[in-house]
Colleague: 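Sharing a structure with you now.
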Amino acid sequence: MKTISAGKFKAQCLALMDDVNATGEPVLITKRGKPVAKLIPIDQKKPKSILGFMEGEAKIVGDIESPAYPTEDWDIVSGTDPVFPPEESKGKKTR
């Protein structure tokens with residue numbers, strides 16, 4: 001990080017702002033050797049539209065199409081689904 005005295009900053013303010021904007025490197029401003037301010041660039045990362053504004057924010061790891069568990073472990077496939085009653089309870093009325 002660059003360091004500059006307040007007097008030099010006053011004389012070169014506009015040029016330093018252009019430099020910080022171009023390079024992104026902050027500048028520390030000192031007065032009598034002690035830091036008093038920091039000139040930093042503004043984050044200008046704004047989405048252009050709502051479509052794609054999350055681009056690059058997530059990472060896909062592994063296979064996203066296959067089921068998380070093998071189909072043999074599913075109750076509905078194996079016929080032991082608790083949602084469907086056993087054959088002997090068919091015909092009985094339940095509340």
Side-chain angles (χ1 to χ4, degrees):
M1 177 181 344
K2 279 188 192 178
T3 303
I4 190 167
S5 68
K8 286 184 182 180
F9 175 75
K10 184 177 177 182
Q12 303 172 358
C13 179
L14 296 176
L16 283 170
M17 286 194 297
D18 290 339
D19 186 45
V20 167
N21 188 36
T23 64
E25 182 185 359
V27 174
L28 183 66
I29 304 162
T30 61
K31 195 171 188 179
R32 295 188 184 103
K34 295 182 181 177
V36 292
K38 187 189 294 187
L39 180 63
I40 59 171
I42 293 179
D43 185 20
Q44 296 179 357
K45 211 179 198 184
K46 294 182 182 176
K48 295 179 182 176
S49 74
I50 190 131
L51 299 175
F53 76 98
M54 292 290 294
E55 182 180 4
E57 296 295 321
K59 183 178 179 182
I60 297 174
V61 179
D63 185 7
I64 62 170
E65 295 178 1
S66 298
Y69 299 101
T71 55
E72 297 83 31
D73 294 345
W74 296 1
D75 291 337
I76 192 77
V77 174
S78 65
T80 60
D81 188 17
V83 175
F84 299 111
E87 291 297 322
E88 65 247 10
S89 67
K90 284 189 177 179
K92 291 183 182 178
K93 291 186 177 181
T94 58
R95 288 188 180 182

Colleague: If you measure from CD1 on Ile4 to CG on Leu39, what distance do you get to the nearest 0.5 Å?
Modeller: 10.0 Å

Colleague: Using the side chain to side chain donor-acceptor pair (under 3.5 Å) rule, collect all pairs that involve residues 9-20, keeping only residues at least two apart or in two chains.
Modeller: Lys2-Asp19

Colleague: Taking all heavy atoms of Asp63 and all of Glu65, pick out the closest pair and write down the distance.
Modeller: OD1-N, 3.1 Å

Colleague: Could you state whether Met17 and Ile42 fall into the same hydrophobic cluster, counting links through intermediate Ile, Leu, Val, Met, Phe, Trp or Tyr residues with side-chain heavy atoms under 4.5 angstrom apart?
Modeller: no

Colleague: Can you give me the closest heavy-atom contact between Met1 and Glu25, atom names plus distance?
Modeller: CA-OE2, 3.6 Å

Colleague: What residues, two or more places apart in sequence or in another chain, satisfy side chain to side chain contact (heavy atoms under 4.5 Å, CB included) together with Thr3?
Modeller: Leu28, Thr30

Colleague: Please report the closest heavy-atom contact between Gly24 and Pro41, naming both atoms and the distance.
Modeller: O-CG, 3.6 Å

Colleague: Which other residues end up in the same hydrophobic cluster as Ile60, if Ile, Leu, Val, Met, Phe, Trp and Tyr are linked when side-chain heavy atoms come under 4.5 Å apart?
Modeller: Ile64

